[in-house]
Each structure stands twice: as C-alpha cells, then as structure tokens.
Amino acid sequence: MTIRLPDSKGGFRAYEPRKEPFAATPGTPFTSRTVFSAAHVVADPFADSTPDSPAAVDWDATLAFRRHLWSHGLGVAEAMDTAQRGMGLDWAGAAELIRRSAAEAKSVGGLIACGVGTDQLTGPATLAEVRAAYEEQLALVEESGAQAILMASRALAAAAKGPEDYLEVYGHLLRQSAEPVILHWLGPMFDPALEGYWGSSDLDAATDTFLEVIAAHPDKVDGIKVSLLEAQREIDIRRRLPQGVRCYTGDDFNYPELIAGDDQGFSHALLGIFDPLGPLAAEAVRVLDTGDAKGFRELLDPTVELSRHLFQAPTRFYKTGVVFLAWLAGHQSHFTMVGGLQSARSLPHFARAYELADGLGLFPDPKPAEERMKNLLSLYGVNQ
C-alpha cells in the first residue's frame, strides 16, 4: 500500500511506508558521552486558549515523554528552546515545567538539566534587572535539584553595550552558582533577538569573550552548549576550553561527526533533534561506548537529512516538526502546540518529515503513523 504525499512543487508522489520500526530497547546511561535531549512540551488541546494567552500544558503527556527519554538512557534538557521558551511558553509555565520534571527525574533516577534565562522580563530592562531575573531562575532550578543551564538572554542582548557587560553579568552568576553550570550560546538562526551576543556580531570576537568568561571561572562551568550550526567553529572552541570543561554539541546539522570526535577530542551532546531521534540516538551512543566509532556513524549519519529538514530556515520553527513527529509516533494524542505553532510549517514540509522519519524506522508502530498522516492530508483536501 502507498500513500500520496505532496511535494514542494505542487505535485504528488507515491510513498510506500515502512512495515517495521527500528529495533531499539531501553537501556542504562552511557559511558563514553553525556547526552541530553532537549524535550518538547505537549499542549492541552482542550484548553480555551489563544496564541497570546499563557501556555496550557498537558502535564501527564509531557512527563510521560520525559520518562520515555530517560528509559533509553538519555538525559533531559528541560525548559529549553525545544520546549518553546519565548515562543509560547512563558516563565510561569517554564517554572512549573522545571518543578514537575525535576521531581519526576528524582523519582526515576533520570539525568536532568534545566534552562535558566530572563524571560520574566517582558520589556526593556537594565543590566541590574537582567541579573536579578537570572538570579531568580537560577535559584528555582537549584532548589529543584536540577543542574542549571545558563541560556542566552534576549534582555541581556538588548541591554549590553559591549563585551564587558557580558563578562560582568555572567561572572556574577557563576560566582554565586552552587554547582557547575552549562553555558549556552544560541545563535541568531534560532532566535534573531540574539544577534551580536557576547558583545559582537563578529563571531571571532564573540568567541573570545565567551571563552574569557569560562577561563575566569572554570570550576563553575561543567560545559558549554554551542548552537551555531558551524562544525569547525565548535571544534575550534572545543580545543580552547580549559581542562575539564566539556563541549555539548548543539549543532543539529553536524552532530554525528562532532560527537564521534577526532584525535584531539570530542563533543558530548545536548540536542533538540534527539527528541524525535531518542531511541535510535541512544542505540548509536551505546555502539560508540564499545569503541566502535564506525558503527556509531553508520547508525547516526542517515538521520542528518531529517534533522536538516526539520531545522531548515527559519530554524526557530523546528519545534513544529519535532512535535509533529511525536504525534505520529504516538507520544501524544493530537498535533496541537502551545501558541498555535503547529501552523508554522507547510504541508509539503510535514510530508517530507514523515517520509524521512518513517524511512529511519522512528515510529514504534508504522501503521498508526501512516493513518495519522493520512488524516492530516485529508484535512488539507488530499484524497488517497
């Protein structure tokens, strides 16, 4: 049996769905790499909400998805960009998400790190207000028992006059953090408001400032997450890190080669694409744990086409594809997103995402995924 899928040129193609999923079994955490999946949130489809109203979250389905990731040995990076921070999920919703997920992690012994930002600030802010906002969120994450991820701040990008302001704000936060944190450099392709982060639009100059922050407080930095989609730049930064500071790749275009590494080092991972790829990614890392880098690449390299498709420009809307695949895979009963973001991608985009994901065997049961895809197509007037 085939399914008619629309293409990007206004036509249709016949696709024969896969019959069997990729065989992956739950397992223990990894030994050679620390790997986090940045996880999405599941909206409550029955809430009477609008795009500007606070996020209505289906907490049971949201936490169930995190248990799915933990069951495969993955860590959860919570309340990050993938969870629609600043794109439908406000600070109040993120705070509740952090509390609930951190408690769930304790109950199952799961690894968790949570995003610390300044998104309670909704207008222009001074540097002192930015610092206070960071402090409020850092305190909540530390009280929850989770590791903190210091995320890039739109408010700081707007308020900072130059590199010295970033050095001052981050230095203050690192001095007071109870445990080593992960620093996150999110590029403007993910959030245009972060253009010129670290005080310069020149990436070489910005990199120097970023590394200066780390060098001043190496004991307070567990690692860095670099989301610039430039493999060589990440490698260059990785090689300049102080001893003991990890690099967590956030490069959803080049992650297999960066995680595999070279004779001078490797990256750990903190990736949005590992939300839909969870079981397959976990299987690949377990192969890498045995020292089989070739086998690791053979499993993970074929996933890059799907990742590049989901993260194509405008990159910030990759969350729509992530949630779409979670729906097809049966992790949630509907394709609704907080803020109405399910409308952010086209039908041909969804069709190609389905085809690529099915080809990789990502759907635990391909038949229901096929039926859900057909239902979506019928809503757009596509008859089979």
Side-chain angles (χ1 to χ4, degrees), residues 1-22 39-51 53 55-58 60-62 64-65 68 82 84 87-88 272-273 275-280 302-303 305-384:
M1 297 293 291
T2 61
I3 179 172
R4 291 176 69 229
L5 297 176
D7 60 31
S8 60
K9 298 178 181 178
F12 290 87
R13 65 187 180 279
Y15 173 71
E16 184 173 350
R18 182 168 172 154
K19 300 296 189 295
E20 299 292 334
F22 172 80
H40 74 281
V41 293
V42 182
D44 178 355
F46 304 114
D48 185 10
S49 59
T50 68
S53 63
V57 177
D58 180 336
D60 289 342
T62 293
F65 186 76
H68 155 72
T82 306
Q84 295 182 240
M87 288 186 72
I273 192 57
D275 179 304
L277 291 183
L280 193 158
T303 69
E305 186 178 4
L306 171 63
S307 189
R308 287 178 175 251
H309 177 72
L310 297 182
F311 284 77
Q312 68 183 235
T315 302
R316 63 189 181 278
F317 294 116
Y318 76 88
K319 299 96 163 171
T320 300
V322 166
V323 175
F324 169 67
L325 294 181
W327 171 57
L328 293 183
H331 294 297
Q332 54 194 78
S333 62
H334 58 85
F335 180 34
T336 306
M337 297 177 67
V338 298
L341 209 63
Q342 67 271 14
S343 64
R345 293 294 198 188
S346 68
L347 186 61
H349 181 89
F350 292 136
R352 183 60 177 155
Y354 163 73
E355 184 177 5
L356 291 170
D358 181 72
L360 292 168
L362 296 185
F363 304 131
D365 189 340
K367 190 60 180 177
E370 178 187 349
E371 291 304 316
R372 289 186 170 187
M373 187 67 220
K374 286 179 177 177
N375 287 339
L376 181 68
L377 290 167
S378 70
L379 291 176
Y380 283 79
V382 180
N383 296 316
Q384 298 298 318

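For the numbers below, each heavy atom of this structure counts, side chains included, while hydrogens, waters and symmetry mates do not. All values derive from a computational prediction rather than experimental measurement.
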Please report the interatomic distance [atom1]([X]) to [atom2]([Y]), rounded to the nearest 0.5 Å.
X: Lys319; Y: Phe311; atom1: NZ; atom2: CZ; answer: 8.5 Å
X: Phe324; Y: His349; atom1: CZ; atom2: NE2; answer: 8.5 Å
X: Thr315; Y: Arg308; atom1: OG1; atom2: CZ; answer: 11.0 Å
X: Asp48; Y: Ser53; atom1: CG; atom2: OG; answer: 8.0 Å
X: Leu341; Y: Met87; atom1: CG; atom2: CE; answer: 4.5 Å
X: Ser346; Y: Phe317; atom1: OG; atom2: CZ; answer: 12.5 Å

- For Glu16, the salt bridge (charged side-chain N to carboxylate O under 4.0 Å, His left out) test, sequence neighbours excluded, returns Lys19
List for me each residue that meets side-chain contact (heavy atoms from CB on, under 4.5 Å) alongside [X], sequence neighbours excluded, and say none if there are none.
X: Gln342; answer: Phe335, Thr336, Met337
X: Arg372; answer: Trp327, Leu328
X: Thr62; answer: Val41, Val42, Val57, Arg66, Leu97
X: Ser8; answer: none

- side chain to side chain contact (heavy atoms under 4.5 Å, CB included) assessment of Thr303 paired with Ile273: CA-CA 9 Å; Thr303 69; Ile273 192 57; over 6 Å; no
Exercise: identify the closest heavy-atom pair between [X] and [Y]:
X: Pro6; Y: Ala351; result: O-CB, 3.7 Å
X: Ala344; Y: Thr320; result: CB-OG1, 3.5 Å
X: Pro364; Y: Pro21; result: O-CG, 3.3 Å
X: Val338; Y: Ala56; result: CG1-O, 3.8 Å

So, does [X] use its side chain to make a donor-acceptor pair with the main chain of [Y] at under 3.5 Å?
X: Asp7; Y: Gly10; result: yes
X: Asp275; Y: Val322; result: no
X: Tyr318; Y: Thr82; result: yes

- Message: Taking salt bridge (charged side-chain N to carboxylate O under 4.0 Å, His left out) as the cut-off, I'd like each qualifying pair that reaches into residues 346-355, sequence neighbours left out, listed once.
- Response: Arg13-Glu355, Glu305-Arg352, Arg352-Glu355
- Which pairs, with at least one residue in residues 374-384 and sequence neighbours excluded, count as a salt bridge (charged side-chain N to carboxylate O under 4.0 Å, His left out)? Glu370-Lys374
- Residue list, side chain to side chain donor-acceptor pair (under 3.5 Å) with Ser307, at least two apart or on another chain: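 None.
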Can you give the donor-acceptor pairs under 3.5 Å from side chains of residues 356-363 to other protein atoms, not counting sequence neighbours?
| residue | atom | partner | partner atom | Å |
| --- | --- | --- | --- | --- |
| Asp358 | OD2 | Tyr15 | OH | 2.5 |
| Asp358 | OD2 | Arg18 | N | 2.7 |

- Message: Within the structure provided, determine whether Gln332 and Asp58 are in side-chain contact (heavy-atom separation under 4.5 Å).
- Response: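 With C-beta onward as the side chain, the pair stays apart.
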- Contacts of type ring-ring contact (aromatic ring centres under 6.0 Å, His included), residue His331, not counting sequence neighbours: Phe65, His68
- With sequence neighbours excluded, tell me which residues meet ring-ring contact (aromatic ring centres under 6.0 Å, His included) with His334.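 Result, ring-ring contact (aromatic ring centres under 6.0 Å, His included) vs His334: none returned.
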Enumerate donor-acceptor pairs with a distance under 3.5 Å from any side-chain N or O in residues 377-384 to protein atoms, sequence neighbours excluded.
| residue | atom | partner | partner atom | Å |
| --- | --- | --- | --- | --- |
| Ser378 | OG | Asn375 | O | 2.6 |
| Gln384 | OE1 | Arg4 | N | 2.7 |
| Gln384 | NE2 | Arg4 | O | 3.3 |

